[in-house]
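Following: one structure in structure tokens, then a few remarks.
We name chains A, B, ... by the order of the sequence lines, and we start the count at 1 in each one. Treat the numbers as computed from the prediction; the structure is a model and nothing was measured.
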2 protein chains.
Amino acid sequence: MKVTDLARKLSITPDSVRYYTRIGLLNPRKNHTNGYRDYGQRDQLRLNFILSARQLGFSIDDIEQIIGIANQGETPCPFVRELIAQRLAETEEKFNSLVKLREQMSLALTQWKEEPNKEPTADMICHLIENFEHG
Amino acid sequence: MKVTDLARKLSITPDSVRYYTRIGLLNPRKNHTNGYRDYGQRDQLRLNFILSARQLGFSIDDIEQIIGIANQGETPCPFVRELIAQRLAETEEKFNSLVKLREQMSLALTQWKEEPNKEPTADMICHLIENFEHG
DNA sequence: GTTGACTTGTGAGTTACTCACAGGTTTAGC
DNA sequence: GCTAAACCTGTGAGTAACTCACAAGTCAAC
């Protein structure tokens, strides 16, 4: 398979496939007659794994580590379990700050409906922002 | 004021103050006897504005544009109103994908409690990830 | 006068791609 | 057989908003 074929099969861009190849997560054979990469069944499975892991919130670095463990013949499952707990906790944190941000923003949007526009002064750029009463 | 003084006043790191200075959002005077930056009242107001805007989800680039408008003597308020509506919409989108991610992750955590660890094979790195039944 | 705690400007690292580029290859149509 | 379009290669750079590191200069306290 050429890069575009593999990309199409898994509904991603050829550039992403090239990226995973560049960083060594995919290891296609090289067609020596034309220099093209030749992706096989193994690469497709591997890419599928990568995409599943990404969907679950694992980072590229996580994925490299998981693969590294598996390559040594050990089960990566315990590591994967630990990791997802960590990543979930981080996601919860992000989630919480995003909730707060969203609240602030929509509060501002509401409050500002009652406010006029003002010209800037030496001490003030935008009174909306500067005088916003955050919760 | 020196960099650390200003940083301490607004509870951020000296490095952040240096960063805002480096990209031109702050313009301290230069003490020519020692080369140190000398931040004044104006810089403190400016930094306060920057931090307020960042808290409301504006990007550094947004802030530069807002300041640019104010520097031309025009009111940046209409622009600011448009911008926050846009940024809020983006935040909602991020929020929605984060909600989905969080669901997936905690679903995985739950499902995996029933699953054993497995050794990797030629076709499988981690069955937990590969066989995860996402919603 | 020495030590420790500052300061400067600048370069690089962070994440996971995405885009661009110069140059080589393949394919379809004529 | 020829040409143009559409592919492929490896690599460098761009993204956001800091954060860290470094070499070299300065200041404060003892």
Side-chain angles (χ1 to χ4, degrees), chain A residues 1-39 43 47 49-67 83 86-87 90-91 93-94 97-98 101, chain B residues 1-39 43 47 49-67 83 86-87 90-91 93-94 97-98 101:
Chain A
M1 266 184 296
K2 280 180 281 186
V3 87
T4 306
D5 302 321
L6 179 56
R8 216 159 0 218
K9 275 199 185 177
L10 298 188
S11 308
I12 62 175
T13 65
D15 266 333
S16 293
V17 174
R18 289 198 189 95
Y19 169 66
Y20 293 131
T21 306
R22 196 203 302 218
I23 64 174
L25 279 183
L26 296 176
N27 303 298
R29 267 182 288 190
K30 196 159 190 161
N31 179 334
H32 284 291
T33 74
N34 59 14
Y36 287 13
R37 290 144 171 163
D38 184 16
Y39 295 91
D43 295 298
L47 182 52
F49 174 76
I50 294 168
L51 296 178
S52 301
R54 296 284 302 125
Q55 269 198 53
L56 278 170
F58 293 105
S59 71
I60 294 283
D61 189 69
D62 292 343
I63 295 171
E64 281 172 356
Q65 292 192 56
I66 294 167
I67 291 176
L83 216 46
Q86 252 180 63
R87 297 286 168 259
E90 292 165 9
T91 300
E93 270 188 47
K94 264 197 217 167
S97 29
L98 209 54
L101 177 60
Chain B
M1 266 185 299
K2 279 180 281 186
V3 86
T4 307
D5 303 322
L6 179 56
R8 217 158 1 216
K9 275 198 185 179
L10 297 188
S11 308
I12 61 174
T13 65
D15 266 333
S16 293
V17 174
R18 290 200 187 94
Y19 170 66
Y20 293 132
T21 306
R22 192 199 310 214
I23 63 173
L25 279 183
L26 296 176
N27 303 298
R29 268 182 288 189
K30 195 159 189 162
N31 180 334
H32 284 293
T33 74
N34 59 14
Y36 286 13
R37 291 145 170 161
D38 184 17
Y39 296 91
D43 295 296
L47 182 51
F49 174 77
I50 294 168
L51 297 178
S52 301
R54 295 284 301 124
Q55 269 199 51
L56 278 170
F58 293 105
S59 70
I60 294 283
D61 189 69
D62 291 343
I63 294 172
E64 281 171 356
Q65 292 192 58
I66 294 167
I67 291 176
L83 215 47
Q86 252 180 64
R87 296 287 169 258
E90 292 165 9
T91 300
E93 270 188 46
K94 262 196 218 168
S97 26
L98 209 55
L101 177 60

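For B/D15, the salt bridge (Lys or Arg N to Asp or Glu O under 4.0 Å) partners two or more places apart in sequence, or in a different chain, are B/R18. Scored by the side-chain contact (heavy atoms from CB on, under 4.5 Å) test, B/K30 finds B/H32 as partners (sequence neighbours excluded). Among residues two or more places apart in sequence or in another chain, the side chain to side chain donor-acceptor pair (under 3.5 Å) test is passed with A/S97 by none. Evaluation of the side chain to side chain donor-acceptor pair (under 3.5 Å) rule for B/Q65 yields B/D61 as partners, not counting sequence neighbours. For B/R8, the side-chain contact (heavy atoms from CB on, under 4.5 Å) partners are B/T4, B/D5, not counting sequence neighbours. With sequence neighbours left out, A/R87 forms a side chain to side chain donor-acceptor pair (under 3.5 Å) with A/D62, A/E90. Contacts of B/T21 classified as side chain to side chain donor-acceptor pair (under 3.5 Å), with partners at least two apart in sequence or in another chain: B/Y39. Remark: A/L101 pairs with A/L98, A/M105, B/T91 by the side-chain contact (heavy atoms from CB on, under 4.5 Å) rule, at least two apart or across chains. Taking B/R22 as the reference, nothing meets the side-chain contact (heavy atoms from CB on, under 4.5 Å) condition, with sequence neighbours excluded.
Remark: the backbone N or O of A/M1 is paired with a side-chain donor or acceptor of A/D38 at under 3.5 angstrom.
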- Using a 4.0 Å heavy-atom cut-off, write out nucleotides 21-27 of chain C from 5' to 3' as B (base contacted by protein), S (sugar-phosphate only) or - (no contact). ---BBS-

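Across D/dT9, C/dC6, D/dC7, the shortest atom-to-atom separation from the side chain of A/T4 is found for D/dC7.
The OH-P distance, from A/Y39 to D/dC8, rounds to 10 Å in whole Å. We find that CG of A/D38 is positioned 18 Å from P of D/dC7, with the value rounded to whole Å. Atom CZ in B/R37 sits roughly 17 Å away from atom P in D/dG25 (whole-Å rounding). Computed from coordinates, the A/F58 CZ to C/dA16 P distance equals 13 Å when rounded to whole Å.
At a threshold of 4.5 Å between non-hydrogen side-chain atoms, the residues B/Q55 and B/L51 do not count as touching.
Within residues 8-30 of chain A, the residues having any heavy atom closer than 4.0 Å to DNA chain D are, in order of number, A/R18, A/R22, A/K30. Of all the residues in residues 59-66 of chain B, B/S59, B/I60 reach under 4.0 Å from DNA chain D with at least one non-hydrogen atom.
At C/dA16, one or more side-chain N or O atoms of A/R54 fall inside 4.0 Å of OP1 or OP2 (strictly under the cut-off).
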